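Structure, as C-alpha cells:
Keep in mind it's a predicted model, so treat the numbers as computed, not measured. Residue numbers run from 1 in the order of the sequence given.
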Amino acid sequence: MLRPFTTEDAAPVQTLAGVAAVAATTLNLPHPYPDGAAAAWISTHPAAVAEGKAYTWAIVRAEDALLLGALTLAVERHHARGELGYWLGVPYWNRGYTTEAVRRVLVFGFHELRLHRIESTCFPRNRASSRVLEKAGLRYEGLLRGYVRKDAKFEDVALYAAIDEHW
C-alpha cells in the first residue's frame, strides 16, 4: 500500500534509510543518516503536493501497515513529465514491493496527473532497481556516462522511461 508519510514515520525512516547498503543504491540518501533529517524531509511533503511539484508516499505492507520504504514522483508540469525515485529497507528487498508501488504510481501519473512521460534513473550496478523499472513497464533508453557525482566519484546512470501512449 501507499500512503502519505506522518511524523511518526521519522524514526523508522532513519533506521531503514540509514543502512549503508540502502544509501549506496541511491543518489540522495546520505550515510550516515543524520538525526532529524527524516522529520525535516517528511515536513516538506505537504507543500510539495500542494504546489503539484512532488508526491511522496510511504510504501507499507498491507497486512500490518509496516513501513518498508519510500517512493516519490517529482513533476515538471511544463513538459508533462515525472521522475520516479524510491528506496526500500534491506529486509524487504527482492519481494516485489517496489515493483508493485511503481506500477501504482505510473497509473497515478498517467491517469490522474495526465503526464506524458515518466522516467527514472538508477546506477547500472544496481541490477535489482533496473529489474523493478523493467517489470513495472519502463523501457531502457540508454546510459548516461559520468552523469552524477556520488561520494566524490562520478557514476553512470541508466535511464528508463514510459510514455503515456505506450502505457
Side-chain angles (χ1 to χ4, degrees), residues 1-5 9 13 16-31 33 41 45 48-49 52-62 66-151 153-167:
M1 290 181 11
L2 299 175
R3 65 160 173 78
F5 277 93
D9 295 319
V13 165
L16 293 169
V19 174
V22 174
T25 64
T26 68
L27 180 59
N28 296 318
L29 286 179
H31 184 75
Y33 200 94
W41 173 68
H45 298 172
V49 170
K53 291 184 177 180
Y55 302 83
T56 300
W57 297 273
I59 303 170
V60 298
R61 199 163 49 192
L66 180 69
L67 178 67
L68 309 176
L71 190 145
T72 298
L73 178 64
V75 176
E76 168 46 64
R77 287 278 179 203
H78 178 75
H79 297 289
R81 182 176 62 227
E83 182 176 0
L84 291 169
Y86 50 85
W87 60 265
L88 200 70
V90 174
Y92 315 110
W93 287 4
N94 300 310
R95 297 186 185 182
Y97 294 122
T98 310
T99 301
E100 183 179 343
V102 168
R103 285 179 179 148
R104 174 60 188 103
V105 171
L106 289 170
V107 170
F108 173 77
F110 288 131
H111 296 284
E112 296 180 42
L113 297 181
R114 301 283 188 226
L115 297 176
H116 171 68
R117 175 186 172 90
I118 298 176
E119 61 191 29
S120 188
T121 60
C122 64
F123 297 123
R125 60 182 162 75
N126 186 354
R127 187 64 189 131
S129 193
S130 294
R131 289 292 301 138
V132 163
L133 297 170
E134 291 165 356
K135 289 189 299 183
L138 285 81
R139 294 182 186 172
Y140 177 75
E141 291 193 338
L143 183 70
L144 303 172
R145 295 179 306 131
Y147 194 70
V148 297
R149 189 184 312 222
K150 169 94 174 147
D151 300 328
K153 177 184 161 199
F154 286 101
E155 292 212 40
D156 301 343
V157 296
L159 175 64
Y160 290 83
I163 303 294
D164 60 351
E165 59 207 38
H166 297 123
W167 180 251

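- Within the model, atoms CG of Leu133 and NZ of Lys135 stand 10.5 Å from one another, a figure rounded to the nearest 0.5 Å.
- Residues Tyr140 and Glu134 bring no donor and acceptor atom of their side chains to less than 3.5 Å of each other.
- For the residue pair Phe5 and Thr56, the shortest heavy atom distance occurs at CE1-CG2, 3.9 Å.
- Not a single salt bridge (charged side-chain N to carboxylate O under 4.0 Å, His left out) links Glu76 to another residue, sequence neighbours left out.
- With hydrogens and angles ignored, the 3.5 Å screen pairs no side-chain donor or acceptor of Trp87 with any backbone N or O of Ala23.
- Separating the CG atom in Leu143 from the CG atom in Leu159 is a distance of 9.5 Å, to the nearest 0.5 Å.
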Could you go step by step and tell me if Ile59 and Leu2 meet the side chain to side chain contact (heavy atoms under 4.5 Å, CB included) rule? CA-CA 5 Å; Ile59 303 170; Leu2 299 175; 3.8 Å; yes
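- In this structure, Arg77 CZ and Lys53 NZ are separated by 12.0 Å, a value rounded to the nearest 0.5 Å.
- Note that CD of Glu119 and CD1 of Ile163 are 8.5 Å apart. Values are rounded to the nearest 0.5 Å.
- What you find for Cys122 and Ser129 is that their closest heavy atoms are CB-OG, 3.6 Å.
- Residues Arg61 and Tyr97 share a closest heavy-atom pair of CD-OH, 3.2 Å.
- Summarising the local packing, CZ of Phe108 is surrounded by more than 12 heavy atoms from other residues, nucleotides or ligands at distances under 6.0 Å.
- Between the side chains of Tyr92 and Thr98, no donor-acceptor pair is found at a separation under 3.5 Å.
- In this structure, His45 contributes its side chain and Tyr55 its backbone to no donor-acceptor pair below 3.5 Å.
- Atom CZ of Arg3 has more than 12 heavy atoms from other residues, nucleotides or ligands within 6.0 Å.
- The side-chain contact (heavy atoms from CB on, under 4.5 Å) with Val132 is formed by just one residue from the set Leu138, Val102, Leu88, Asn94; it is Val102.
- With hydrogens and angles disregarded, a donor-acceptor distance shorter than 3.5 Å links the side chain of Arg114 to the backbone of His111.
- Between Val105 and the choices Ile118, Thr72, Leu84, the side-chain contact (heavy atoms from CB on, under 4.5 Å) rule is met once, by Leu84.
- Tyr33 has its ring centre no less than 6.0 Å from the ring centre of Trp41.
- To the nearest 0.5 Å, the span separating CG on Leu68 from CG on Leu16 amounts to 8.0 Å.
- Nearest approach of Glu83 to Thr121, heavy atoms of both residues: OE2-OG1, 4.2 Å.
- In this structure, CG on Asp164 lies 11.5 Å from CG on Leu106, to the nearest 0.5 angstrom.
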Do Arg103 and Glu100 pass the salt bridge (Lys or Arg N to Asp or Glu O under 4.0 Å) test, and can you show the C-alpha distance, the side-chain angles, and the key distance before you say yes or no? CA-CA 5 Å; Arg103 285 179 179 148; Glu100 183 179 343; over 6 Å; no
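- Across Val90 and Ala21, no two heavy atoms sit closer than the pair CG2-CB, 4.0 Å.
- Geometrically, Arg125 engages Phe123 in a cation-pi contact, judged by NZ or CZ lying under 6.0 Å from the ring centre and within 45° of the ring axis.
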Please determine whether side chain to side chain contact (heavy atoms under 4.5 Å, CB included) holds for the pair Leu73 and Leu113, giving the CA-CA distance in whole Å, both sets of side-chain angles, and the decisive distance to 0.1 Å. CA-CA 11 Å; Leu73 178 64; Leu113 297 181; 3.9 Å; yes
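- Looking at Arg104 and Glu112, a side-chain N of the basic residue comes within less than 4.0 Å of a carboxylate O on the acidic one, giving a salt bridge.
- The minimum heavy-atom distance between Trp93 and Thr25, with the atom names listed, is CH2-CG2, 4.4 Å.
- Surrounding NZ of Lys150 are more than 12 heavy atoms belonging to other residues, nucleotides or ligands, all under 6.0 Å away.
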